[in-house]
Amino acid sequence: MSLRSSQWYSGNDRNSYMHRAWMRRGLPREAFDGERPHIAIANTASDLTPCNSHLNEVGKSVEQGIWAAGGIPLNLPVVSLGETNVRPTAMLWRNLAAMATEEMLRANPIDGVVLLGGCDKTIPSLLMAAASVDLPAVVMPGGPMLTGTFRGTPLGCGTDVWRLSEEVRAGTLSSKAFIDSESAMIRSRGHCNTMGTASTMACMAEALGMTLPGTSGTPAPDSRLLERSHETGRLAVDLVREGRRPSQVMTRGSFLNAIVTLAATGGSTNAVIHLLAIAGRLGVELDLDDFDRTGSGVPLLVDLLPAGRHLMDDLFRAGGLLAVFKEIADLLDPTAVTVTGRPLVDYLDDAEIWDESVIRRRADPLLPDAGIAVLRGNLAPNGAVIKPAAASPELLQHRGKAVVFDSIEDVYARLDSPELDVDETSVLVLRGCGPKGYPGMPEVGNLPLPAKLLAKGVRDMVRISDARMSGTAYGTVVLHTSPEAAAGGPLARVRTGDPIVLDVAARRLDVDVPEAEFAARKPAMGGHAEPVRGWQRLYIDHVNQADRGADLDFLTGSSGDAPGRESH
């Protein structure tokens, strides 16, 4: 075995001397003998990413596992993105985090990497980086928080924020009660306990084969998470010795397995963008229509918020993701391997469902067809997505007049005005919130409903945007409309009063305006971002549209792990 790190440490010249000497701060001479793999722990722990704040503890268990297997662990702090705090949106920096991590993995004397992530954008950015550099890699998810309760009722973080805040606006819940629930919602360390984007992407990592099977969904405070962390550290050393790389694990079959898993778990629409971006880094053929072709007909088996009732520690208690896989085993690619070198389906024999109210049997699903639906039409020539599992069935086929907003600020300024011409049949349209327009494609697609309709008891309406929405959110919300308004997409030409037709069964999204009239309209250009410098300028100039994963155009494809030229 020839270790990549030996390109730094072997030899007797001045450069190898410097590389070894500056690392000899407690490490023994044999750490550099070319026999012990050097494993980076790409760590997204940060006090400003509260869902990842415990990852230093997780990293210590990974470190012990690496030592136990004969490797050399090396903590590598990388860009961390906290979904709840970062403005204007964490998605703006997903590609930057991926690029920075990729470059650090390539630039440093390491042979493999353990990827520690949790909060929404951290696992996707780490997987994008690992795909691009293609060093042996394994994901260790940070795990969901435990369920908090308020007034005897379980709270789903994120989902119940949206629900309770709307009840305050409707006048059915006091502001004091709303604020009192705040400390109860976040009960422990860990990421969101709903099937939001963080939980979804941990499940996607396992479905892709990039975790030790049976790991994702282990609650953050559970001592078994540290046990799995230790095992993952040991596995990272084995990966290097066996030469197993992400490109051998994340094949097209693995991505199709992830799409099946996305439907069966009722996962976040954000996974569509992240999976497309990861596949793009690997050169795996995957497009938007694969989500519909592969996900349609897959039953929803996991009864979790926002599509169901329970929360992530219930899923873990009920048998976890392996039990879900066993129910849909015939839909999984049996040749897709995991980081262990064995196929994912090899790990299902002992999986059991221990609570059928949380994980439903295939014969008794929550929904018979739960896949993400891809819509096309004259409002979305390159596609848009909707999550039927989180929508109101009666609104999946709908015609209504558009009420158009040019920015999220426009929404806040006008939505609750008594003069707003809107009723429960209207379609709320938000533009200027795509990758280029915001920039970064924020989670604002699940628009709040007008106060006067909330007061009438309305709790859902058709909403359309070029934005995203939180994986914890719900409603009949059409997202990722491509091309976005800021890139000249049709949303820029929609006017208030235009009839909008949504037909999910037919996979259509259209504006019912004569083609010539619609094409002749001048696009609305208000509300679009116009940065002049820095990352935002680079991002706007190079970001792909949502249907291509919103990655930067010059980052698609893998660049490999070849080190750069000598530094001295």
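Computed from a predicted model, the values in this text were never measured in an experiment.
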Apply salt bridge (Lys or Arg N to Asp or Glu O under 4.0 Å) to the pair R548 and D553, showing each step before the final yes or no.
CA-CA 10 Å; R548 296 179 59 197; D553 53 19; over 6 Å; no
Out of curiosity, [X] [atom1] to [Y] [atom2], how far, rounded to the nearest 0.5 Å?
{"X": "E103", "Y": "N108", "atom1": "CD", "atom2": "CG", "answer": "11.0 Å"}
{"X": "L282", "Y": "M250", "atom1": "CG", "atom2": "CE", "answer": "4.5 Å"}
{"X": "S132", "Y": "D551", "atom1": "OG", "atom2": "CG", "answer": "7.5 Å"}
{"X": "H480", "Y": "M469", "atom1": "NE2", "atom2": "CE", "answer": "8.5 Å"}
{"X": "R189", "Y": "H54", "atom1": "CZ", "atom2": "NE2", "answer": "6.5 Å"}

With no hydrogens and no angle check, just 3.5 Å: does a side-chain donor-acceptor pair link [X] and [Y]?
{"X": "T197", "Y": "S268", "value": "yes"}
{"X": "D134", "Y": "S247", "value": "yes"}
{"X": "T44", "Y": "N52", "value": "yes"}
{"X": "T49", "Y": "S80", "value": "yes"}
{"X": "N56", "Y": "N43", "value": "yes"}

Is the shortest side-chain N to carboxylate O distance from [X] to [Y] below 4.0 Å?
{"X": "D416", "Y": "R169", "value": "yes"}
{"X": "D289", "Y": "R376", "value": "yes"}
{"X": "R293", "Y": "D287", "value": "yes"}
{"X": "D503", "Y": "R399", "value": "no"}
{"X": "E167", "Y": "R163", "value": "no"}
{"X": "E419", "Y": "R414", "value": "no"}

Option from [options] for which side-chain contact (heavy atoms from CB on, under 4.5 Å) with [X] holds:
{"X": "T481", "options": "V429, I464, N382, L375", "result": "I464"}
{"X": "V444", "options": "V411, L430, T89", "result": "L430"}
{"X": "V139", "options": "L115, V339, L116, V114", "result": "L115"}

Would you name the heavy atoms of [X] and [Y] that are closest together and state the gap between them?
{"X": "G445", "Y": "A467", "value": "N-CB, 4.0 Å"}
{"X": "C157", "Y": "C192", "value": "SG-CA, 3.1 Å"}
{"X": "E206", "Y": "L321", "value": "CB-CD2, 4.0 Å"}
{"X": "G267", "Y": "M195", "value": "CA-CG, 3.8 Å"}

Indicate yes or no for a side-chain donor-acceptor contact from [X] to the backbone of [Y] under 3.5 Å, with no hydrogens or angles considered.
{"X": "K387", "Y": "G266", "answer": "yes"}
{"X": "S125", "Y": "T122", "answer": "yes"}
{"X": "R493", "Y": "P490", "answer": "no"}
{"X": "R463", "Y": "M461", "answer": "yes"}

Are any of the side-chain heavy atoms of I500 and L379 separated by less than 4.5 Å?
yes
Salt bridge (Lys or Arg N to Asp or Glu O under 4.0 Å) assessment of D498 paired with K401:
CA-CA 5 Å; D498 286 346; K401 291 184 178 180; over 6 Å; no
By salt bridge (Lys or Arg N to Asp or Glu O under 4.0 Å), which residues pair with R252, not counting sequence neighbours?
D290
Take R281 and E102, measure what salt bridge (Lys or Arg N to Asp or Glu O under 4.0 Å) needs, and give me the verdict at the end.
CA-CA 11 Å; R281 297 294 184 100; E102 171 191 346; 3.6 Å; yes
